[in-house]
Engineer: 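Below is a structure I'd like to ask you about.
Read the numbers this way: they start at 1 and go in the same order the structure lists the ligands and their atoms. For this chain, numbers begin at 1 and follow the sequence in order.
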Amino acid sequence: MNLIDAAFAKLKQEGKTALIPFLTIGDPDIPTSIAIIKELEQAGANMVELGVPYSDPLADGPVIQRASERALQNRISILDCIETAAQAREAGVQMPFILFTYFNPVLQFGLEPFMNLVVEKGISGLIIPDLPIEEDEEVRQLAELKGVHLIPLVAPTSKDRVVRISRKARGFVYCVSSLGVTGVRAEFHSGIDDFLATVREATDLPIAVGFGISSREQVQRFESICDGVVVGSAIVRKIEESLPLLTDEKQREAGLTQIREFVAGLKG
Ligand SMILES: O=P(O)(O)OC[C@@H](O)[C@@H](O)c1c[nH]c2ccccc12
């Protein structure tokens, strides 16, 4: 059984909602990313999106753009990010890994070698935000063959596409809470509750919501209607704020504690 399915099944039994953090791998470096992933799990994360830094992150707001730039200064590649999953598992992290990448790094790597390595290194899911359903046939079939979940995004503007996208979805359906790019928000798309109800109707898979979520109150708002809540920019911003501590051997633990406490606060 795919670890993502097992995680959602267990959470459903417990009547809980998954907390799904996102972080950019290699910001500030791979060993620190692994240490942060361990902290995220200890703070209550149920699965994690491992972000592959990319030079043209068109769907990302300034916080994640800056994190990608810092990671790219360390020349972090998609291979490094896939390896990070295996190293985090060896370091004792149990939760499922979802590799989050734009499509270009996958194409550069080669689709078949990419998918083989993803499986070999124990990654359970993929999110490729700039691979629309109209062009994802080859990727979806290969992922299906290899038992890796290709997790689609649906947006409030997806209207009639929600059914088509949900029908082909695996793992869970990622509902984008707002239009525009990633980043902390005070408000979500006005019709968000109807939108989430539409997605719920369209699939038997778990549904998760993301974009703009940064507080316990906002997580609570979605807990009763979704099976998972994704938090990225707020955590990436916390990592950015903690960089002076994380990059100083003597203060590294204090930096990691700051991140863990922030994420634990989202769980309540
Ligand atoms: O950063 P936010 O607003 O918390 O949203 C989650 C987001 O970071 C993560 O899922 C993600 C990072 N980059 C993306 C690009 C498109 C869709 C989703 C994403």
Engineer: Just so I know, are the side chains of Glu134 and Arg164 near enough to count as touching, which here means a heavy-atom distance under 4.5 Å?
Structural biologist: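 They are in side-chain contact.
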Engineer: Do Glu69 and Gln65 meet the criterion of a side-chain donor-acceptor pair at a distance under 3.5 Å?
Structural biologist: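 Result is no, nothing qualifies.
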Engineer: Report yes or no: do Glu261 and Thr257 form a side-chain donor-acceptor pair below 3.5 Å?
Structural biologist: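 Their side chains do not contain a donor-acceptor pair, so the 3.5 Å distance test is not met.
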Engineer: Kindly write out the residues that satisfy ring-ring contact (aromatic ring centres under 6.0 Å, His included) with Tyr174, not counting sequence neighbours, or none if the list is empty.
Structural biologist: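 Not a single residue meets the ring-ring contact (aromatic ring centres under 6.0 Å, His included) criterion with Tyr174.
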Engineer: Tell me, which residues have any heavy atom less than 4.0 Å from some atom of ligand 1?
Structural biologist: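 Shell around ligand 1 (4.0 Å, heavy atoms): Phe22, Glu49, Ala59, Asp60, Ile64, Phe100, Tyr102, Pro129, Leu153, Tyr174, Thr182, Gly183, Phe211, Gly212, Val230, Val231, Gly232, Ser233.
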Engineer: Can Tyr54 and Asp130 be counted as having a side-chain donor-acceptor contact under 3.5 angstrom?
Structural biologist: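 Side chains of Tyr54 and Asp130: no pair found under 3.5 Å.
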Engineer: Looking only at the side chains, is there a donor atom on one of Asn46 and Lys267 sitting less than 3.5 Å from an acceptor on the other?
Structural biologist: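 Present: a donor and an acceptor within the cut-off.
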